[in-house]
A.B. asks: 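Here it is, the structure in full.
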Amino acid sequence: MMRRYAESGCPTGSPSEETQKRGHKTIQLVTESHRAPAFNTAIAAMMDHLNYLSKLKPNEMGKFTAETFVLLLAPMAPHVTEEIWRALGHDSSFIWNPGPSSIQN
C-alpha cells in the first residue's frame with residue numbers, strides 16, 4: 001500500500017470523512033495499547049486500518065493518512081519505518097516528527 005502511494009508521487013489527496021474517522025480511531029487504539037502495554041492490540045488495530053487503506057486509491061488516501069500510519073508503525077518497527085518515511089519523500093528522519101494524536105469527539 002505504501003509502495004503504491006509512493007510510486008504515484010505521494011499525492012496530497014483529500015481523504016474522505018470515513019478515512020479520517022478510521023484514522024483517528026486507529027491512532028487512539030494504538031496510543032492506548034502502547035500505554036497498557038498491549039502491543040498485540042495495537043498491531044491488530046493497525047492491520048485492520050491497513051486493510052481499509054489498501055482498498056483506497058493513492059489520491060483518496062492522501063499524504064496525512066499515509067504519514068500517520070507510518071508514524072504509528074514506528075515504535076514497533078523503527079528500521080522499516082525509516083525506509084518507508086524516506087520513500088514518502090522526507091529528507092530527515094521520522095524521529096524528529098511528533099507522533100500522531102487523535103481528535104476525540
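Note: hydrogens, waters and symmetry copies are ignored here, and every other heavy atom, side chains too, is used. Please read these numbers as outputs of a predicted model, since none were measured by experiment.
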A.B. asks: Consider only side-chain heavy atoms of I, L, V, M, F, W and Y, link residues closer than 4.5 Å, and tell whether Met47 and Tyr52 are in one cluster.
C.D. replies: yes
A.B. asks: In this structure, would Leu29 and Leu50 fall into the same cluster of hydrophobic residues linked by side-chain contacts under 4.5 Å?
C.D. replies: no
A.B. asks: First locate atom CE of Met46, then atom CG of Asp48, and finally report the distance between them rounded to the nearest 0.5 Å.
C.D. replies: 11.5 Å
A.B. asks: Could you tell me whether a side-chain N or O of Trp85 sits under 3.5 Å from a main-chain N or O of Ser92, the two making a donor and an acceptor?
C.D. replies: yes
A.B. asks: Is there side-chain contact between Ile27 and Thr68, with heavy atoms separated by less than 4.5 Å?
C.D. replies: yes
A.B. asks: Rounded to the nearest 0.5 Å, what separates atom OG in Ser33 from atom CD1 in Ile43?
C.D. replies: 9.5 Å
A.B. asks: Report the residues that fulfil salt bridge (charged side-chain N to carboxylate O under 4.0 Å, His left out) with Glu18, sequence neighbours left out, ordered by chain and then residue number.
C.D. replies: none
A.B. asks: Considering all heavy atoms of both residues, which atom of His49 and which atom of Arg22 are nearest to each other, and what is their separation?
C.D. replies: CE1-C, 3.7 Å
A.B. asks: Report whether Leu88 and Leu73 are members of the same hydrophobic cluster (ILVMFWY, side-chain heavy atoms less than 4.5 Å apart, transitive linking).
C.D. replies: yes
A.B. asks: Sequence neighbours left out, what passes salt bridge (charged side-chain N to carboxylate O under 4.0 Å, His left out) with Glu82? Give chain and number order.
C.D. replies: Arg86
A.B. asks: Identify the two heavy atoms, one from Thr26 and one from Ala45, that lie closest to each other, and give their separation to 0.1 Å.
C.D. replies: CG2-O, 3.9 Å
A.B. asks: Under the side chain to side chain contact (heavy atoms under 4.5 Å, CB included) rule, collect the residues that match up with Pro15, sequence neighbours excluded.
C.D. replies: Thr19, Gln20, Thr65
A.B. asks: Does some side-chain heavy atom of Phe94 sit less than 4.5 Å from a side-chain heavy atom of Val70?
C.D. replies: no
A.B. asks: Measuring only between side-chain heavy atoms, which start at C-beta, is Lys57 closer than 4.5 Å to Glu60?
C.D. replies: yes
A.B. asks: Quick one: pull up CZ in Phe69 and CE in Met61 and give me the separation to the nearest 0.5 Å.
C.D. replies: 10.0 Å
A.B. asks: Enter the distance from Ile84:CD1 to His90:NE2 here, rounded to the nearest 0.5 Å.
C.D. replies: 11.5 Å
